[in-house]
There are 2 protein chains.
Amino acid sequence: MGVRAQQKEKTRRALVDAAFNQLSAERSFSSLSLREVAREANIAPTSFYRHFKDMNELGLTMVDEGGLALRQMMRKGRQRAEAGGSVIRISVDTFMEVLDSNPNVFRILLHERSGTSAPFRAAVAREIEHFISELAHYTEEKAHRNPELARAQAEAMVTLVFNAGAAALDMKKSERKVLADQLVMQLRMVAKGAEVLHQKVDNR
Amino acid sequence: MGVRAQQKEKTRRALVDAAFNQLSAERSFSSLSLREVAREANIAPTSFYRHFKDMNELGLTMVDEGGLALRQMMRKGRQRAEAGGSVIRISVDTFMEVLDSNPNVFRILLHERSGTSAPFRAAVAREIEHFISELAHYTEEKAHRNPELARAQAEAMVTLVFNAGAAALDMKKSERKVLADQLVMQLRMVAKGAEVLHQKVDNR
DNA sequence: TAAATTAGCTTACAGCTGTACGCTTAACGC
DNA sequence: GCGTTAAGCGTACAGCTGTAAGCTAATTTA
């Protein structure tokens, strides 16, 4: 890669990082201005356009990066779970750890999920869909559920996990522990309930 | 009430209504400006301050009104359920009906739940808490669950309902039907699962 | 090596924002 | 009836926004 392309990439990263760094419980992506981001990245406002068409394009890039981080997390969790132990417990713990180390990645996903930009919502939905379908596939195989039931179960579980994630973002570690325990309990409810429904439908 | 107070109340309502009317899938409360709201309500921007200290105060008023609408809905649903039939099914249908007739009330609640203003999040949390504790109390009584389990169950159910509500906001009627059916299925999972966990803990 | 490309800069502008200040006018309390 | 109160208005201003236009200087290409 040439010197020029390298420098361009570096500045682009500076912009993305600047945007991530400005996110917090009090500051959503949509409240950031192009000028603020450029300022934080130490470039002139108008230079922003050399990298992104507008703030939306930056935001979608961030959502995609966030999604990538999520998928990497899933793999990590699955690996750990293979060593034995409660899959639910291990997954929840992994989720909480990643949430703790990348809070702003989650902020943009959790906030824009119910945001006002349709492309954003679609992008987040796409990322969450990865979660759901992988989990549904997993349950379908391991527990021999029928597809429809597996899908509903997976969706419910992912919903509960993400909702807990949103709540956890503003919590201290001790509060998070309680939350995690309750989440595990809720996930077990769903799992048990799905089992019962499954037996009913298949009449055995 | 005097002529003066009456007129003031009327203008205040015009402001609240103007703000509600400007909400949509593409427009969140936090993206509204004081001037826009004043314009829509046909008053001068500076007159806004005769009624609210700032936009935040307006927003909190709206959240409170939304919460009120929710609680009225709950009562309506409970009355219907008393006439017999599946409590879950009836509650979901009621919820969807109210969602359909007051979409913007839900928009502000659903969006500000994960918003950037702490007072807003707290206000929404308070409203949702009403839901959870009433439901927990109901289950504790009807199904003789222990408090901790009842609480976790209620929280899970409310989470699932609100999440489905957010998704339903941008859907056509036919899509909503599918969503509602899946939601019912998920709620039954949670209910069944809680039952099983309950029996386990109490060893009978 | 000369020409072309391009990341980043400075300057500039129109449009929006919240809100301070002071006025008018109609209802209120005495 | 008369002084007081207050809802609503118009004007004004500073500060922010996105972005258009054109320049500079360094890299790339031919």
Side-chain angles (χ1 to χ4, degrees), chain A residues 1-24 26-62 108 111-112 115-120, chain B residues 1-24 26-62 108 111-112 115-120:
Chain A
M1 192 159 58
V3 177
R4 207 173 188 135
Q6 220 167 333
Q7 175 53 35
K8 177 160 186 179
E9 181 53 33
K10 207 172 145 189
T11 306
R12 188 190 147 99
R13 262 256 65 81
L15 281 169
V16 174
D17 291 344
F20 267 122
N21 286 334
Q22 305 215 12
L23 295 182
S24 72
E26 293 78 31
R27 212 81 162 70
S28 72
F29 174 78
S30 57
S31 82
L32 297 182
S33 75
L34 182 151
R35 288 178 104 106
E36 279 177 306
V37 174
R39 213 176 295 137
E40 179 84 4
N42 285 314
I43 64 166
T46 49
S47 299
F48 180 95
Y49 298 106
R50 302 287 185 196
H51 303 272
F52 301 99
K53 190 176 133 279
D54 52 24
M55 283 293 285
N56 263 338
E57 204 173 286
L58 207 210
L60 290 176
T61 301
M62 292 166 75
I108 191 166
H111 188 87
E112 300 307 328
T116 51
S117 156
F120 268 62
Chain B
M1 191 160 57
V3 177
R4 206 171 186 132
Q6 218 165 338
Q7 175 54 35
K8 176 160 187 178
E9 181 53 31
K10 207 173 147 190
T11 306
R12 189 189 147 99
R13 261 256 65 81
L15 280 170
V16 174
D17 290 344
F20 267 123
N21 286 335
Q22 306 216 17
L23 294 182
S24 71
E26 292 78 31
R27 213 81 162 70
S28 72
F29 174 78
S30 57
S31 81
L32 297 182
S33 74
L34 182 152
R35 288 177 104 106
E36 277 176 309
V37 175
R39 214 176 295 137
E40 180 86 4
N42 286 312
I43 65 165
T46 48
S47 299
F48 180 96
Y49 298 106
R50 303 288 185 197
H51 302 273
F52 302 98
K53 188 176 135 279
D54 53 25
M55 283 293 286
N56 264 337
E57 202 172 289
L58 206 210
L60 290 176
T61 302
M62 292 167 76
I108 191 165
H111 188 87
E112 300 308 329
T116 51
S117 156
F120 269 62

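Everything numeric in this text was worked out from a predicted model, so none of it was measured. Proteins come first, then strands; the chains are lettered A, B, ... in the order of their sequence lines, and each starts at number 1.
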Return the value, rounded to whole Å, for the distance between atom [atom1] of [X] and atom [atom2] of [N].
X: A:Gln6; N: C:dA7; atom1: CD; atom2: P; result: 14 Å
X: A:Lys10; N: C:dA7; atom1: NZ; atom2: P; result: 16 Å
X: B:His51; N: C:dT19; atom1: NE2; atom2: P; result: 16 Å
X: A:Met55; N: D:dT17; atom1: CE; atom2: C1'; result: 12 Å
X: A:Leu15; N: C:dA7; atom1: CG; atom2: C1'; result: 12 Å
X: B:Asp54; N: C:dT17; atom1: CG; atom2: C1'; result: 14 Å
X: A:Phe52; N: D:dG18; atom1: CZ; atom2: P; result: 15 Å
X: A:Leu58; N: D:dT19; atom1: CG; atom2: C1'; result: 16 Å

* A:Leu34, A:Val37, A:Val16 screened by side chain to side chain contact (heavy atoms under 4.5 Å, CB included) with A:Phe52, the one that passes ->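 So, applying the side chain to side chain contact (heavy atoms under 4.5 Å, CB included) to A:Phe52 and each of A:Leu34, A:Val37, A:Val16, only A:Val16 qualifies.
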
[X] side chain, from C-beta outward: closest of [options]:
X: B:Ser33; options: C:dG18, C:dA26, C:dG8; value: C:dG18
X: B:Arg50; options: C:dC9, D:dG8, D:dT27; value: D:dG8
X: A:Lys8; options: C:dT17, C:dT10, C:dA7; value: C:dA7

* To do: Assign B:Glu9 to base, sugar-phosphate, or nothing according to its heavy-atom contacts below 4.0 angstrom with the strands shown.
  =>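 Nothing, no nucleic acid heavy atom in range.
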
* **Sugar-phosphate, base or nothing in reach of A:Thr46, heavy atoms under 4.0 Å** =>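 Base contact - A:Thr46 has a heavy atom under 4.0 Å of at least one base atom.
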
What I'd like to find out is whether the side chain of [X] reaches to under 4.5 Å of the side chain of [Y], using heavy atoms alone.
X: B:Met55; Y: B:Phe29; result: yes
X: A:Phe20; Y: A:Met62; result: yes
X: B:Arg12; Y: B:Thr61; result: yes
X: B:His51; Y: B:Glu57; result: no

* Contact nearer the 5' end of DNA chain D, comparing A:Ala5 with B:Ser47 ->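 Closer to the 5' end of DNA chain D: B:Ser47.
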
* Phosphate OP1/OP2 of C:dT6 contacted by A:Gln7 side-chain N/O (<4.0 Å) ->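 No.
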
* Using only side-chain N and O atoms of A:Arg39, determine if any of them is under 4.0 Å from OP1 or OP2 of D:dT17. =>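 Yes, because at least one side-chain N or O of A:Arg39 sits under 4.0 Å from OP1 or OP2 of D:dT17.
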
* To do: Take B:Pro45 and B:Arg4, find for each the nucleotide of DNA chain C with the closest heavy atom, and name the residue whose nucleotide sits nearer the 5' end.
  =>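 Its nucleotide being nearer the 5' end, the pick is B:Pro45.
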
* Asked: Hey, which of these two, B:Tyr49 or B:Met1, hits DNA chain C nearer its 5' end, going by closest nucleotide?
  ->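 Counting from the 5' end, the first nearest nucleotide belongs to B:Tyr49.
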
